[in-house]
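Heads up: the structure comes next, in structure tokens.
Throughout, a chain's letter reflects where its sequence line sits, starting with A, and its residues are numbered from 1.
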There are 2 protein chains.
Amino acid sequence: MATTIDDVARAAGVSTSTVSYVLSGKRPISEPTRQRVERAIRDLGYRPHAGARALASSRTDVLGLMAPLRVDVNFSVIMQFVTGVVSAARTYGHDVLLLTSDEIADMERVASGSMVDALVMMDVEADDPRVPVLTGLSQPAVLIGLPRDPEGLSCVDLDFAAAGRLAAQHLARLGHRRIALIGSPRAVMERHTSYAERMIEGFTRGVTESSLEGVVEACEASTAGASDAVDRVLARLPDVTALVVHNEVALPWVLATLRERGRHVPDDVSVVALCPSDVALGQLLPLTSIDIPAQAIGEVAVEMAMARVVRDEPAETRLLAPRLVERGSTVARPA
Amino acid sequence: MATTIDDVARAAGVSTSTVSYVLSGKRPISEPTRQRVERAIRDLGYRPHAGARALASSRTDVLGLMAPLRVDVNFSVIMQFVTGVVSAARTYGHDVLLLTSDEIADMERVASGSMVDALVMMDVEADDPRVPVLTGLSQPAVLIGLPRDPEGLSCVDLDFAAAGRLAAQHLARLGHRRIALIGSPRAVMERHTSYAERMIEGFTRGVTESSLEGVVEACEASTAGASDAVDRVLARLPDVTALVVHNEVALPWVLATLRERGRHVPDDVSVVALCPSDVALGQLLPLTSIDIPAQAIGEVAVEMAMARVVRDEPAETRLLAPRLVERGSTVARPA
DNA sequence: CTGAAAGCGCTAACAC
DNA sequence: GTGTTAGCGCTTTCAG
């Protein structure tokens, strides 16, 4: 314990800078020297002191991840996302500092305190007050989601507009004429969480393009909320034959309500879910779904962050194309 | 940006050490001086450099959290736990570095690299190979779970033995004579994850003490796994009247299988769940349950870690007492 | 290809 | 109650 770079240098009979360069690879080292140094490092069990390194190099090899653990977002989405971020970060030799608050102060603290090389922020809203603050920090940031004005920050997300449109198109192709979107809780809508709005926009466009009738209903993340939403849909569109559900939490309850109301899936109503594929597969009937590739998004976010940190590349926005997988919950419109 | 403690000292007309002491409160400062220093800090937007501080003080104000994101553990348990850890850590002015691998190398890296002041490790198994390694580190560690030999490390967990016993006692008191425990997946058992074993031990003791007949079945975290487990129970104990379910993931499928087999809850079989209360409440019928207080466990873990870091207190083991809440899925044994 | 040495920004003796 | 200063352990010029 507490062995320093000087100890290693002494043991290897070289200078401290040589040890440093062996470690960083930032200048050529002769093979014999490298061998001796590496030997000494192993023998002494030497580990560079992260703080000292950060102080001297102004790099921490730590990524900050702001992941507000909200209850109305499905946990498995968050977990997959976090998993993607952490494993991708390790790939770049970085660790992850986890912030679960969505407070500006916390993000300023870790950034201005030079605890992180970059920030990744989940769950960005259309007019997120954190965005302008991020812009002012000296570390680059990557946003998951799409604020109205990214102000030169990198963004990545599923292309929810394309997803909404794709769902509608899929149903139109199956001959459905009257379809409904059961979406996020009202609170999410009111936060102007951009994915919810983009989903609705795409869905609506798909509906229009195929000359369908479509309605949209918000849906709270509870048993009662789900049955309310279904009932509102049935009231507005009694002969609805297909549902798009963009609410992982309420999904099982929506399906249960359909059963209770005597509507069989898929014979009476087809269902397309927008959710992580494990959720779509975990229902009693495996659902046709558009995957939310949370882990992939996390990985891309890290790549974009590292591109800025390491290669100083400019900010960019990447929207991942949706993919629909048929699993049997969608069939041609009943006669 | 990049303002240092010297800038602050200059602006306030004091020495750097005075600024440092104002920040740390480690020695008395006259009111007027403090005012001027605080003013300068605010005006300049000064933030101490975490690395420099860590180097000089050998304290990072960061806690390492090892949270293997396994699929067979309910995500909401993990999330609650992580939430508890992060918010409690903030209470102590600490941030959290998240490790999602269960590899020894990662934990050694962050510890020996002096990235953290302490480690909290989830999901500890009976003979966890990480435990002896943790013992050798210079930072204190807190384990969630109970290894066979804690080797002087702090431990905290729900008292699963007491929980298993409590569930059996509750059912015995309601007149049930033949009961079953549907437990963790076989893989969890085979890892000798201690909570699963302690639960079984307590359940078995409760069964014996009340002269009941009881069987235990493992249960995979899948639809098929759940129906298999239920069927095995029904085969071994055809007139079973109560089930204890210790498997959050399979819980909904267990209930669905009971429905399919024509056993009504609670009229034909009573059900006690061991799971987070939100899971118990989220089922179609709210379940009588023993809560897994994941968030509280996380908070206690951090308190124990900080007790060791800040006050250098000795290691201890804390088992949280279980509490059973009746919610209507358990009734007196059918005649 | 290697070494010497000047910091990086802060803390904590040690002075007074 | 405050100031001076010697490190903390590493990176990175600058020299050779």
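Atoms CD1 and CD, on B/Ile297 and B/Gln295 in that order, are 11.0 Å from each other to the nearest 0.5 Å.
Considering only heavy atoms from C-beta on, B/Val116 stays 4.5 Å or farther from B/Leu63 through its side chain.
Within 4.0 Å (heavy atoms only), A/Ser58 reaches no atom of the nucleic acid at all. Using a 4.0 Å heavy-atom criterion, one finds that A/Ser20 contacts the bases of the nucleic acid, with or without backbone contacts as well. Counting any heavy atom pair closer than 4.0 Å across all strands shown, B/Val14 reaches sugar-phosphate atoms only and no base atom.
Nearest approach of B/Glu299 to B/Ala88, heavy atoms of both residues: CA-CB, 3.9 Å. The two residues A/Arg311 and A/Glu313 come nearest to each other via the heavy atoms NE-OE2, 2.8 Å.
Of the two residues near DNA chain C, A/Ala56 and B/Thr16, the one whose nearest nucleotide lies more 5' is A/Ala56. Nearest-nucleotide positions on DNA chain D for B/Ser15 and A/Leu23 put B/Ser15 closer to the 5' end. Take the nearest nucleotide of DNA chain D for A/Tyr21 and for A/Asp6: the residue whose nucleotide is more 5' is A/Asp6.
Side-chain atoms of A/Ser17 and base atoms of C/dA4 include a donor and an acceptor less than 3.5 Å apart. If you check distances only, the side chain of A/Arg27 does reach the base of C/dT2 with a donor-acceptor pair under 3.5 Å.
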Scan the side chains in residues 130-137 of chain A for donor-acceptor partners under 3.5 Å anywhere in the protein, sequence neighbours excluded, and list what turns up.
unit_1	atom_1	unit_2	atom_2	d
A/Arg130	NE	A/Asp128	OD1	2.8
A/Arg130	NE	A/Asp128	OD2	3.4
A/Arg130	NH2	A/Asp123	O	3.3
A/Arg130	NH2	A/Asp128	OD2	2.8
A/Thr135	OG1	A/Val131	O	2.9
A/Thr135	OG1	A/Glu151	OE1	3.3

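Taking atom OH of B/Tyr46 as the reference point, atom C1' of C/dC10 lies 7 Å away to the nearest angstrom. Distance, A/Ile29 CD1 to C/dG3 P: 9 Å, rounded to whole Å. Computed from coordinates, the A/Arg34 CZ to C/dT2 P distance equals 9 Å when rounded to whole Å. Summarising the geometry, the separation between CD1 on A/Ile5 and C1' on C/dT2 is reported as 14 Å, rounded to the nearest angstrom.
With hydrogens and angles left out, the side-chain atoms of B/Ser30 and B/Thr33 include a donor and acceptor closer than 3.5 Å. Looking at B/Asp106 and B/Ser101, their side chains do bring a donor and an acceptor atom within 3.5 Å of each other.
Using a 4.0 Å cut-off, some side-chain N or O of B/Arg53 falls inside it from OP1 or OP2 of C/dT11.
The outermost nucleotides of DNA chain D lying under 4.0 Å from heavy atoms of chain A, listed 5' to 3', are D/dG9 to D/dC14.
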